[in-house]
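Just below is one structure, and these are the notes that go with it.
Numbers here simply count residues along the sequence, with the first being 1.
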Amino acid sequence: FTVIISMSFIMAYYTFKSKSLWPAVIFHAVSNVYIQKIMPPLTTKIEGTEYWLGENGIMFAIVTAVFGMYFWRKALKENL
């Protein structure tokens, strides 16, 4: 749930800033490729990483929450 809300702030910022939906589409696609295709093969051999990494991992939630707050504050400052 945290990831969805946080990513929505990031994608909304770029959508309103560019007045186009394409930055959000590209952001979402790149995020999916990275989380679902690139990271799992690099971390599956280490026991216990399933709780920390990946699409449902705590690290993805923390990182997106930090960036979500950053882009939310940035949008407020820019009156978007």
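For the atom pair R73 CZ and L76 CG, the distance stands at 8.0 Å (nearest 0.5 Å). Note: S6 OG to W72 CH2 = 10.5 Å, rounded to the nearest 0.5 Å. For the atom pair F27 CZ and N32 CG, the distance stands at 10.0 Å (nearest 0.5 Å).
Looking at residues two or more places apart in sequence or on another chain, you find a side chain to side chain contact (heavy atoms under 4.5 Å, CB included) between A12 and F16. For M69, there are no side chain to side chain contact (heavy atoms under 4.5 Å, CB included) partners, not counting sequence neighbours. By the salt bridge (Lys or Arg N to Asp or Glu O under 4.0 Å) test, K17 is found to be paired with E78, residues two or more places apart in sequence or in another chain being considered. Residues satisfying the side chain to side chain contact (heavy atoms under 4.5 Å, CB included) criterion with T15, sequence neighbours excluded, are L21, A24.
The six-membered or imidazole ring of F67 lies away from that of F9, with a centre-to-centre distance of 6.0 Å or more.
Remark: side-chain polar atoms of T64 are paired, donor with acceptor, to backbone N or O of A61 under 3.5 angstrom. Between the side chain of S31 and the backbone N or O of H28, no donor-acceptor pair lies under 3.5 Å.
Note on residues 27-42: no pairs pass salt bridge (charged side-chain N to carboxylate O under 4.0 Å, His left out), not counting sequence neighbours. Residue pairs meeting the salt bridge (charged side-chain N to carboxylate O under 4.0 Å, His left out) criterion with at least one partner in residues 2-16, sequence neighbours excluded, are absent.
Cluster membership for V33 and I4, using ILVMFWY side-chain heavy atoms within less than 4.5 angstrom, is not shared. I26 and I10 end up in different hydrophobic clusters when Ile, Leu, Val, Met, Phe, Trp and Tyr side chains are linked at under 4.5 Å. Put simply, V3 and Y34 are part of the same group of oily side chains (I, L, V, M, F, W, Y) that touch within less than 4.5 Å, one to the next. One hydrophobic cluster, built from ILVMFWY side chains closer than 4.5 Å, holds both Y70 and Y14.
Residues W22 and V25 are in side-chain contact: their nearest non-hydrogen atoms beyond the backbone lie under 4.5 Å apart.
No more than 12 heavy-atom neighbours from other residues, nucleotides or ligands sit within 6.0 angstrom of CD1 on I58.
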>> Under the criterion side chain to side chain contact (heavy atoms under 4.5 Å, CB included), I'd like the reasoning laid out for M7 against F60: C-alpha separation, chi angles, the key distance, then a yes or no.
In response: CA-CA 11 Å; M7 286 181 74; F60 190 50; 4.0 Å; yes

